[in-house]
Each structure stands twice: as C-alpha cells, then as structure tokens.
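Only heavy atoms go into these numbers, but all of them, side chains included; no hydrogens, no water, no symmetry mates. Being a predicted model, the structure only gives us computed values, none of them experimental.
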Amino acid sequence: LRRVARECVLDLAADGVVYAEVRYAPEQHLERGLTLDEVVEAVDAGLREGEDEARGAGGRIQVRSMVTAMRHAARSVEIAELMVRHRDDVCGFDIAGAEDGFPPTRHLAAFEYLRHENAHFTIHAGEAFGLPSIWEALQWCGADRLGHGVRIVDDIIGPAGHEELGRLAAYI
C-alpha cells in the first residue's frame, strides 16, 4: 500500500499534476491482518514519501486521500469514524459501489455523523441509477460533492441549441 501510494504521487507529478485527491476503500485491504488504521497510515506514509521525492526532483505536488466505504457493505459508520480519526491526513469520506439496490440512504448514520464532525463527504450517484440517485444523495444525505453524476444530462431538456436545465440540474 505504501509503495503503490508513493508511486501514485510520482506518476501524478510526472504528468504535471500539482494537487490530487485519491480515494481507496480501506476495508478492501484487511486480508493480511492490517487494521483499518494501519491501512490509512500506510497509504498516508506512501503519499508523503512520494511528495518528498517529487519535490527533491524539482516538482511540486500535494496529494490527499479520501477513504471510501462500499455501498454493499455495512461498514460506512466505521469508515466515517476512521476518516474523522485521521482527518489531518485524510481530506474526506466517499461512498462508492453499485448504486442500483444500494441507495445512499442505507448509510444515513454515517452521513449524519460526518456532518456533526464537520467532515466532508462525497457520494457516488447518477452514474448507473440516474436522477433519483443524485437527488437522494443531495437532498436526503447532504453530500458535499457527487462522484460521477453523469446522468444529470437526463435533466437537461429541449431541442439542441435550446436546451434548458431541469430543476435538479439547475440546483446543481
């Protein structure tokens, strides 16, 4: 994890990136006995090493991580608490995975906790499940940002050259 995080930063720096947020799901890296906290610490150490190495080569880059909870799992509160514990190194929380059948409202307790902790969170919505997923992520769950959101195009109506934003697209 540490090596891959370091290499990620170096690859980004080589492409001229100066700021990036990378996301990963700590819960997917526990098979060999690491704790959630150890996963975050390893990734953060790799990111810092990559930044230092890039600076040593004349580059400048800052990379922060977002911890992701998986929609189909039941660990979102645990991952939200992890994010808050590491908030000086982790820039936010994210929920991802299959939208259909796994609405973000299943994770309301995690979002409520994050709001009370003044922590930022992103919800991936509007890629596979459309406008209702986007609306739910914003209105029910209070997302700061949307991941993907590409189906917002379904709320842009009218003939070519005379398109108008629907209510949800205008709000966004």
Side-chain angles (χ1 to χ4, degrees), residues 1-100 102 104 107 110-111 113-115 117-130 133-134 137-138 141-153 172:
L1 292 170
R2 188 172 181 160
R3 179 183 58 79
V4 169
R6 179 183 146 273
E7 290 175 3
C8 173
V9 175
L10 295 175
D11 288 347
L12 290 167
D15 287 341
V17 174
V18 296
Y19 179 79
E21 295 175 359
V22 296
R23 66 186 189 88
Y24 66 100
E27 64 191 88
Q28 294 182 328
H29 300 284
L30 303 176
E31 288 181 13
R32 297 201 178 171
L34 290 176
T35 66
L36 290 169
D37 289 289
E38 289 169 334
V39 169
V40 171
E41 291 161 5
V43 170
D44 188 61
L47 295 177
R48 301 297 75 80
E49 288 171 5
E51 288 175 343
D52 290 345
E53 193 172 331
R55 279 190 212 97
R60 62 166 223 219
I61 187 168
Q62 181 182 30
V63 180
R64 295 292 169 255
S65 65
M66 296 179 71
V67 293
T68 299
M70 301 308 296
R71 286 175 179 267
H72 64 277
R75 299 186 85 157
S76 58
V77 171
E78 187 178 10
I79 303 302
E81 292 168 345
L82 177 72
M83 181 267 152
V84 169
R85 279 197 306 278
H86 294 273
R87 71 184 325 147
D88 292 336
D89 300 312
V90 173
C91 68
F93 172 93
D94 167 282
I95 193 157
E99 287 179 64
D100 194 8
F102 301 101
H107 305 280
F111 304 134
Y113 170 76
L114 291 163
R115 276 195 302 274
E117 291 292 331
N118 297 319
H120 295 287
F121 62 93
T122 300
I123 298 175
H124 285 240
E127 181 182 29
F129 198 63
S133 178
I134 295 171
L138 294 171
C141 302
D144 292 319
R145 297 192 283 187
L146 296 174
H148 304 299
V150 296
R151 297 310 328 152
I152 196 65
V153 72
I172 290 172

Full working for side chain to side chain contact (heavy atoms under 4.5 Å, CB included) between I123 and I95
CA-CA 5 Å; I123 298 175; I95 193 157; 3.8 Å; yes
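- The side-chain heavy atoms of L47 and D89, taken from C-beta on, include no pair separated by under 4.5 Å.
- Ring-plane geometry between F111 and F121 is classed as parallel, the angle between the planes falling under 30 degrees on a 0 to 90 degree scale with a further cut at 60.
- Using a 4.5 Å heavy-atom cutoff, the side chains of V39 and V67 are not in contact.
- Across G126 and I134, no two heavy atoms sit closer than the pair CA-CG1, 3.4 Å.
- Between Q62 and R64 there is a side-chain heavy-atom pair separated by less than 4.5 Å.
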Given the rule in the side chain to side chain contact (heavy atoms under 4.5 Å, CB included) test, do T122 and M66 qualify, once you have shown the distances and angles that lead to the verdict?
CA-CA 9 Å; T122 300; M66 296 179 71; 3.3 Å; yes
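- Here the shortest heavy-atom pairing between A25 and M70 reads CB-SD, 3.9 Å.
- Counting heavy atoms from C-beta outward, P104 and R71 have side chains that approach closer than 4.5 Å.
- Taking all atoms of both residues into account, the shortest heavy-atom contact from V84 to A119 is CG2-CB, 4.4 Å.
- For the pair E81 and Y113, the minimum side-chain heavy-atom distance is below 4.5 Å.
- The 12-atom threshold is not exceeded at CZ of R3, counting heavy atoms of other residues, nucleotides or ligands nearer than 6.0 Å.
- A distance of 10.0 Å separates CG of L138 from CG of D144, quoted to the nearest 0.5 Å.
- Closest non-hydrogen pair, S133 versus A125, comes out as OG-CB, 3.3 Å.
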I'd like to know whether R87 forms a salt bridge (charged side-chain N to carboxylate O under 4.0 Å, His left out) with E117, so could you lay out the CA-CA distance, the side-chain angles of the two residues, the decisive distance to 0.1 Å, and finally the verdict.
CA-CA 10 Å; R87 71 184 325 147; E117 291 292 331; 3.7 Å; yes
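- Panel note: side chain E78, backbone R75; no donor-acceptor pair is recorded below 3.5 Å.
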Stepwise side chain to side chain contact (heavy atoms under 4.5 Å, CB included) test for C8 and V22:
CA-CA 9 Å; C8 173; V22 296; 3.8 Å; yes
side-chain hydrogen bond (donor to acceptor under 3.5 Å, both in side chains) between H86 and D44, worked out
CA-CA 10 Å; H86 294 273; D44 188 61; over 6 Å; no
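- In this structure, A128 and E99 approach most closely via the heavy-atom pair N-OE2, 2.9 Å.
- Salt bridge status for E21 with R145: present, with a side-chain N to carboxylate O gap under 4.0 Å.
- When side chains are defined from C-beta on, L146 does not count as touching H124, because their heavy atoms never get closer than 4.5 Å.
- The closest side-chain heavy-atom distance from I79 to T68 is not below 4.5 Å.
- Residue R6 is tested with E53, E49, E51 for a side-chain hydrogen bond (donor to acceptor under 3.5 Å, both in side chains); the sole match is E53.
- E41 contributes atom CD, which lies 10.0 Å from atom CG of L34 (distance to the nearest 0.5 angstrom).
- Nearest heavy atoms, S76 versus H107: OG-ND1, 2.8 Å.
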Run Y24 and V43 through side chain to side chain contact (heavy atoms under 4.5 Å, CB included) and show every step you take.
CA-CA 9 Å; Y24 66 100; V43 170; 3.6 Å; yes
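- Annotation: side chain of V17 is not in contact with side chain of V9 (no heavy-atom distance under 4.5 Å).
- Under a cut-off of 6.0 angstrom, the local environment of CZ in R85 is crowded, with over 12 non-hydrogen atoms contributed by other residues, nucleotides or ligands.
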